[in-house]
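Following: one structure in structure tokens, then a few remarks.
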Amino acid sequence: MLPARLAPSQAEDLGPGRTRLRRPFWPHTFHEELSMREPRTNGTPTSRRLRRTAAVAALALAGLVGSATTSTAAPDSSVHLVRTHGRVVAVQTHGRHGVVPMKNASRSTSVGTAAGHRGARPAASGNLVYGGGPVQHQVTVYLVFWGNQWDSDSNGVQQYETDLFNGLGTGQDTWSTVTSQYTDSSGAGPTFNGAVLGGTWVDDAQAAPASSAQADIAAEANVGAQHFGVSGNDVQIVVMSPSGTSPDGFPNGGFCAWHDYNGNVPYTNMPYVLDAGSGCGAKQVSGQLDGFSIVEGHEYAETLTDPQPSSGWVASDGQENGDLCAWQNLGAVSLPTGSFAMQPTWSNAIGGCAMSS
């Protein structure tokens, strides 16, 4: 229960340049954003980050969140409190990263970041550059099928995605290993010693919301991480929304998926891309479910090399290894669990898009 001094109708102002808590409510979840905007003369990005961390810690001490995590979040991040599953979850958001634009969408309206929207980078314009942050070393992927709508899955999406990630990372997978060239400050890059899938979960306690904001999706990723008992940079949580829902404005936003870091785990917003038809990959290689592997493969590869966007391997304008090759030279990748439609990803080693290492 919320403390009386922070009733929903109230806002707590801690003074000029300090944290302010707002409490607008939504039908199934609510957002409380901690305003991190400081006067330009009031400290460095590091000091602003320390103030942000202190604000989250204060809320944890007030009993509003069960646990608070700190990270090297970008200075332009926002911290939100989201009520979901009977509790309040603190999450960071940094905007859309590694956006898969719809196949026929204008690039100027389909790719966005925390600073706004911008056009996708041409594939021939240069290599990825290391930004000093982490990459994933031995990734484990967890699929969270959000909402009781997934109790019915006539198109077989759950099995398709499960088979995809039970095949990726195996000895037959030379597609993922294109990313192994991208090392971090430890000198290590992504390595693969078996199937990357760590588990699947149908979160059917209630229906997924018809329309969800980025903070809702980030919170669902945290709920999934708590369900599996995982956290950290070597985890990917894929939040799979059901058909007929609009996660972060899909499908009208001109994108098929994106990824981000919520302060606890890297995660992907993976809409029900079949709702967008060929615009998000349906029947582009071999079948109607092609988009689920093309689009999610794009986000998986980008999260391997940039789990805390954009501190990993990115081009000079922030585009990632999947962005540089989006919708180019699509093909089938053969894995022990089946054949899956995929796109190539950027390889600095060859200066172009590669389907295998």
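Worth saying up front: this structure is predicted, and the values here are computed from it rather than measured. Along the sequence shown, the residues carry numbers beginning at 1.
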Before giving the answer on side-chain hydrogen bond (donor to acceptor under 3.5 Å, both in side chains), spell out for His259 and Asp306 the whole-Å C-alpha distance, their side-chain angles and the decisive distance to 0.1 Å.
-> CA-CA 10 Å; His259 73 99; Asp306 191 24; 5.1 Å; no
Given the rule in the side-chain hydrogen bond (donor to acceptor under 3.5 Å, both in side chains) test, do Trp313 and Asn348 qualify, once you have shown the distances and angles that lead to the verdict?
-> CA-CA 10 Å; Trp313 286 86; Asn348 279 3; over 6 Å; no
Show your working on side-chain hydrogen bond (donor to acceptor under 3.5 Å, both in side chains) between His94 and Asp260 and close with a plain yes or no.
-> CA-CA 7 Å; His94 312 88; Asp260 193 19; 3.1 Å; yes
For the pair Asn264 and Asn222, evaluate side-chain hydrogen bond (donor to acceptor under 3.5 Å, both in side chains) and give the outcome as yes or no after the intermediate values.
-> CA-CA 7 Å; Asn264 180 42; Asn222 254 3; 2.9 Å; yes
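Using a 4.5 Å cut-off on side-chain heavy atoms (C-beta onward), Val144 and Tyr267 make no contact. Annotation: side chain of Asn127 is in contact with side chain of Trp346 (closest heavy-atom distance under 4.5 Å). A 4.5 Å side-chain heavy-atom check between Val157 and Leu274 finds every atom pair outside the cut-off. Leu197 has its side chain within reach of Leu143: a pair of non-hydrogen atoms, C-beta onward, lies under 4.5 Å apart. Taking the side chain as every heavy atom from C-beta outward, Val129 and Ser316 never approach each other to under 4.5 Å. Using a 4.5 Å heavy-atom cutoff, the side chains of Phe165 and Tyr300 are in contact. Between Ser278 and Lys103, the closest side-chain pair of non-hydrogen atoms is not below 4.5 Å. Counting only heavy atoms from C-beta outward, the side chains of Val223 and Trp201 approach each other to under 4.5 Å.
Note: Phe250 and Tyr272 fail the aromatic proximity criterion, with ring centroids not under 6.0 Å apart. Centroid-to-centroid, the aromatic rings of Phe228 and Tyr142 come within less than 6.0 Å.
Nearest approach of Ser357 to Thr177, heavy atoms of both residues: OG-OG1, 2.6 Å. Residues Val314 and Ser310 come closest through the heavy atom pair CG1-CB, 4.0 Å.
The hydrophobic cluster containing Val135 does not contain Val178, counting ILVMFWY residues as joined when their side-chain heavy atoms lie under 4.5 angstrom apart, directly or transitively.
Proximity of a side-chain donor or acceptor of Gln172 to a complementary backbone N or O of Ser334 within less than 3.5 Å is detected. Ser293 places a side-chain N or O within 3.5 Å of a backbone atom of Ala341 that can act as its donor or acceptor partner. Formation of a donor-acceptor pair under 3.5 Å by the Ser176 side chain with backbone atoms of Asp173 is not found in this model.
Annotation: side chain to side chain donor-acceptor pair (under 3.5 Å) contacts involving residues 144-153, sequence neighbours excluded, comprise Trp146-Glu220. Listed by first and then second residue, the side chain to side chain donor-acceptor pair (under 3.5 Å) pairs involving residues 235-245 are Gln136-Gln236, Ser243-Asp275 (not counting sequence neighbours).
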